[in-house]
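Heads up: the structure comes next, in structure tokens.
A note on names: the letters A, B, ... follow the listed sequences, proteins ahead of strands, and every chain is numbered from 1.
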Amino acid sequence: MLTLCNPITRNSHPFLRHLLPHALTTASAATPPLPPEPETTIANLVLTIDSQNLTLALKTHPAQWTPELVTKTLKRLWNHGPKSLQFFKTLTHFPTLALSAAAFDHAINIAARLRDYRAVWALVAQMKARRLGPTPKTFAIITERYVAAGKPDKAVKIFLAMHHQGCPQDLNSFNTILDVLCKSRRVEKAYSLLKVFRGRFRADTISYNIIANGFCLVKQTPRASEVLKEMVERGLDPTLITYNILLKGFFRAGLIKEAWEFFLQMKKRKCEIGVITCTTVVHGFGVVGEVKKAQKVFDEMIEMGVLPSVAMYNALIQVLWKMDRAREYMCRMKDDECEPNVQTYNLLVRYYCDDGEIEKGVEVFENMGSGNYLPNLDTYNILISAMFVRKKSDDLLVAGKLLIEMVDRGFLPRKFTFNRVLNGLLLTGNQGFAKEILRLQSKCGRLPHQFRL
DNA sequence: GCAACCGCCT
């Protein structure tokens, strides 16, 4: 019987080999599963036990309670908000257990995500009582959640009153609230805030960079230019980051010609162009199909003696995939001490599957499980989507197994993913498996209202 | 404290 709380083991995808016998065999098959981490055991305990027995169960649990273990367990329980808060609250009643500011921040983040603001401020009060905070980080988390919940004005008020909570404002926290607003597309509000308080907090280049980036994010790159002009008029010098923001802004707004001109100006004016600038250009050209220009910028960068980064290779692989040269660069990555990361693997899984080479995509996925980079939520989404391409019944069984595995590993599939797999299984006559998936969906709280089996 | 590579698309 399937449960939400199977112990999570690293590197095991045995089912894939059963279901896809034609998948290539890899060395990872021989790797034995590691025992579960202590935070996984505790998380499973919290998920299975009745709330009234939780205190006793945690008290008698043989774990070596450290602040780190508490934080790790909270991370593992990220998708089970109420349970994780209950867990944390129980721990706060253990008199000898030391909790860290990081653990409080994490709990506050979970409560704020649930929009349980009463719990948020109760935790802040406890943090204060224990003299652990609240810290600027705590306020960054809280304000970000308020903005995400559609309450930017409230977030600004909280920022302006944070010194009453024992956490004085400074330029750093000012820049943080500006950034929080800009990253959630509230750049106009951020800009107003800057204009009102720039004297009081002594706004610096970073403050203006944040606003310029905010305008670039909403594709208002000309506004970004104006803001930066104003910055210079106020005697603040732009930095390389300033230029990189504007460069990306041109590409994002589709102003390719302007982007190229700007890049040339940067070179001409002897900016210390590095890998970040070049990655922006390579990616920008790649997106609009200017493959040769992208390749040229990369080659020139190498000639200049600038070391490539993983991000640069990821951009390049994206650009070159259709030219079949991406595989060559995969090999070059390792020579440049750029170990492929989870994003690199996700690209490969995606592109192999797009090309109809599902087995190769699966092979990359299996190698991830045994390597340094475990599959993330994106990986699972990519691979599950790929299982619908060929309209094969076997592929849907794999999709179902992947769904079970991702939940086991603490990822929360979207409702859409559940429904899609469920429908696929029903259409291919896998009623029994579909029922199993439906039970899982119910446990994850992702059940559609009007669903009937 | 600000800049590069990224998912799905209900």
Contact list please: residues 209-221 of chain A against DNA chain B, heavy atoms, distance less than 4.0 Å, in numerical order.
N209(A), I210(A), N213(A)
Near DNA chain B, which residues from residues 138-169 of chain A have a heavy atom under 4.0 Å away?
none
Here the residues of residues 224-249 of chain A within 4.0 Å heavy-atom distance, strictly under, of DNA chain B are I241(A), N244(A), I245(A), K248(A)
Expected output is a numbered-order residue list: members of residues 264-285 of chain A with a heavy atom under 4.0 Å from any atom of DNA chain B. What is it?
I276(A), T279(A), T280(A), H283(A)
Looking at W321(A), I'd like to know if the NZ or CZ of R350(A) sits under 6.0 Å from its six-membered ring centre while staying within 45 degrees of the ring's axis.
no
Return yes if some donor-acceptor pair links the side-chain N/O of D204(A) with the main-chain N/O of I206(A) below 3.5 Å, else return no.
yes
Looking for any heavy atom pair under 4.0 Å, which part of the strands does K137(A) touch: base, sugar-phosphate only, or nothing?
nothing
All N/O donor-acceptor pairs, side-chain side in residues 245-258 of chain A, below 3.5 Å, sequence neighbours left out:
none

For the aromatic rings, using the six-membered ring if either is Trp, is the centroid distance between F201(A) and F159(A) under 6.0 Å?
yes
Strictly below 4.0 Å, heavy-atom distances to any atom of DNA chain B: list the hits from residues 337-352 of chain A, or just say none.
Q343(A), R350(A)
Give one of base, sugar-phosphate or nothing for T417(A), where a contact means two heavy atoms less than 4.0 Å apart.
nothing
Using the ring-ring contact (aromatic ring centres under 6.0 Å, His included) rule, collect all pairs that involve residues 391-437 of chain A, keeping only residues at least two apart or in two chains.
Y380(A)-F411(A)
Lys NZ or Arg CZ of R420(A) over F388(A) ring: under 6.0 Å, within 45°
yes
Between side-chain atoms of residues 286-301 of chain A and protein atoms elsewhere (two or more places apart, or another chain), which donor-acceptor pairs fall under 3.5 Å?
from	atom 1	to	atom 2	distance (Å)
Q295(A)	OE1	R325(A)	NH1	3.1
Q295(A)	NE2	D299(A)	OD1	3.4
Q295(A)	NE2	Y329(A)	OH	2.6
E300(A)	OE1	K267(A)	NZ	3.2

Does atom NZ of K83(A) have more than 12 heavy-atom neighbours from other groups under 6.0 Å away?
yes
Quick one, Y345(A) with N367(A), criterion side chain to side chain donor-acceptor pair (under 3.5 Å). Give me CA distance, side-chain angles, the key distance, then yes/no.
CA-CA 9 Å; Y345(A) 287 117; N367(A) 279 325; over 6 Å; no
So does V275(A) get a backbone contact from the side chain of T279(A), meaning a donor-acceptor N/O pair under 3.5 Å?
yes
Quick check: are there more than 12 heavy atoms from other residues, nucleotides or ligands sitting under 6.0 Å from CZ of R332(A)?
yes
Within residues 216-228 of chain A or reaching into it, pairs that qualify as side-chain hydrogen bond (donor to acceptor under 3.5 Å, both in side chains) - sequence neighbours excluded
E188(A)-R223(A)
Contacts under 3.5 angstrom, residues 142-150 of chain A side chains, donor-acceptor by atom type, not counting sequence neighbours:
from	atom 1	to	atom 2	distance (Å)
T143(A)	OG1	F139(A)	O	2.7
T143(A)	OG1	A140(A)	O	3.2
R145(A)	NE	N109(A)	OD1	2.7
R145(A)	NH2	N109(A)	OD1	3.1
Y146(A)	OH	W121(A)	NE1	3.1

Answer yes or no: does atom CD of E233(A) have more than 12 heavy-atom neighbours from other residues, nucleotides or ligands under 6.0 Å?
yes
Just wondering, more than 12 heavy atoms not from R185(A) lying within 6.0 Å of its CZ?
no
With sequence neighbours left out, the residues meeting salt bridge (Lys or Arg N to Asp or Glu O under 4.0 Å) with E339(A) are none
Going by an N to O cut-off under 4.0 Å, is there a salt bridge joining E359(A) and R390(A)?
yes
What contact category does I382(A) fall into here, base, sugar-phosphate, or nothing, at under 4.0 angstrom with non-hydrogen atoms?
sugar-phosphate
What I want to find out is whether D355(A) reaches K360(A) closely enough, with some N-O distance under 4.0 Å, to be called a salt bridge.
no
From the 5' end of DNA chain B to its 3' end, which nucleotides mark the outer limits of contact with chain A, defined by a 4.0 Å heavy-atom distance cut-off (strictly under)?
dG1(B) to dT10(B)
